[in-house]
Amino acid sequence: MFGKGLNSVSVFSNTYATTGANSTVFGSVLSGGVATTGAHSAVSGDIVSVGATTTGGGGSSVGGSIINGGVATTGDGSIIGGGVTSVGAATIGANSRVGGNLVSAGVATTGDTSRVAGSVKSGGAASIGANAVVGGLVEAVGAISVSASGKAGGTGSLSAAPLTVGVRTDVLTESQQISEAQKTLKSMGAGTALATTMTTDMTLYAGVFSAANLSTTAGTTLTLDGQNKGNQSWVFNIEDYLVTGASTRIVLINAGAGDSVVWNSGGYSSLGASSSFLGTILARDYISVGANTSVTGAGVSCGGVFSATSYVSTGDSAQIGGGGCLGIDNFTPPAGPGWPTLPSVPEPSSYLTLLTGLAFLGLLLRGKKRQPASA
């Protein structure tokens, strides 16, 4: 459906993206503003934001990397499978793990008992907390402070701020992709007209459907029947808003791997709490996902939520993505004491001998790329 820039993304916001506590995103997050994840949350791919990025405390995890154009802050006990790259200051919380490098054009700080497998490079001062370990060098334009109980592979001075490679300055191209996709879907025609409110359970065969607005009452179920034909698609063209009541269910039966479901909203989309939603949502305005609600794709599609002009917000314990999402085969979200941890960073003297193993770990955490949805 989209070009390369959105190929592994399952949450896109033109302004800001925020996920609630205990939430899970299978795939990557791309935000045109700030990106924030709640406590005990998980993202299996990368978090990329034009503005600041903050991960919640209590043990949040990111299977890929954090790359942002503002300040980067990871909560205590966080696990970052890749590296952290920040145009502003970067702070790694206490007891956190970073599987790659920490690169900051501003001040870089690692909390007590934190672990950075790679190097720390700072355009300002660099501070390494008590009992913290940095496997590589700590290099900075400003002063370097390594606590007495901390360890590093060495220190060095930088004459200029390090390059923050990969940081985005805007998401205009991706926003345009979403808008163009919406136009293409709308050009498929009105198809079958639906009532603006679904009050009872309903079954629909594949096709194009349209409504001025579309809402469901609480507890209703919409069944999509693929009739065992394979490569079936459901396209919902909605002129304005898409709103589902609490505990709404969208289910697919008699399905094939090539089936797809796309919801094209010309306004905002709001999903009620404790709902089970199927398909990819494209909205011109904001997207709000209620607590304990899941949004998953059909067939090999990851599914996801994409706001062309506004924000994306998910409630506590929400889940976005599934099926073919980035990293889903090799990623387990936080779930109490058993959630995955990176291995302890070795003492600096033996660090170089484990580079190959850490690179392999990075591949495992990132997993496969998401299969694009077919629509």
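For this chain, numbers begin at 1 and follow the sequence in order. This is a predicted model, so every value here is computed, not measured.
Atom CG of Asp225 is separated from atom CD of Gln232 by 9.5 Å, given to the nearest 0.5 angstrom. Atom CG in Asp316 sits 6.5 Å away from atom CG in Asn22 (nearest 0.5 Å). Atom CG in Asn237 sits 11.5 Å away from atom CG in Leu214 (nearest 0.5 Å). Put simply, OG on Ser276 and CG on Leu271 are 10.5 Å apart, with the number rounded to the nearest 0.5 Å.
The shortest distance between side-chain heavy atoms of Thr85 and Val165 does not fall below 4.5 Å. Between Val62 and Asp46, the closest side-chain pair of non-hydrogen atoms is not below 4.5 Å. Counting heavy atoms from C-beta on, the side chains of Lys186 and Asn264 come closer than 4.5 Å.
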Take Leu222 and Leu204 through the side-chain contact (heavy atoms from CB on, under 4.5 Å) test and state the conclusion after the steps. CA-CA 8 Å; Leu222 172 61; Leu204 296 176; 3.8 Å; yes
Might you work through the side-chain contact (heavy atoms from CB on, under 4.5 Å) test for Ser31 and Tyr311, ending with a clear yes or no? CA-CA 8 Å; Ser31 172; Tyr311 68 85; over 6 Å; no
Using the side-chain contact (heavy atoms from CB on, under 4.5 Å) rule, take Val9 and Phe306 through it: C-alpha gap first, then chi angles, then the decisive distance, then the call. CA-CA 9 Å; Val9 173; Phe306 301 81; 4.2 Å; yes
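Tested against Ile178, the residues Gln176, Gln182, Glu180 include a single side-chain contact (heavy atoms from CB on, under 4.5 Å) partner, Gln182. Tested against Ser215, the residues Thr196, Thr244, Thr197, Thr199 include a single side chain to side chain donor-acceptor pair (under 3.5 Å) partner, Thr197.
Within a 6.0 Å sphere centred on CD1 of Ile253, other residues, nucleotides and ligands contribute more than 12 heavy atoms.
A distance-only check finds a donor-acceptor pair linking the side chain of Ser210 to the backbone of Ala190 [under 3.5 Å].
Looking at Thr248 and Thr216, their side chains do bring a donor and an acceptor atom within 3.5 Å of each other.
Using bins of under 30°, 30° to 60° and over 60° for the plane-to-plane angle, the ring pair Trp263/Phe277 lands in the tilted bin.
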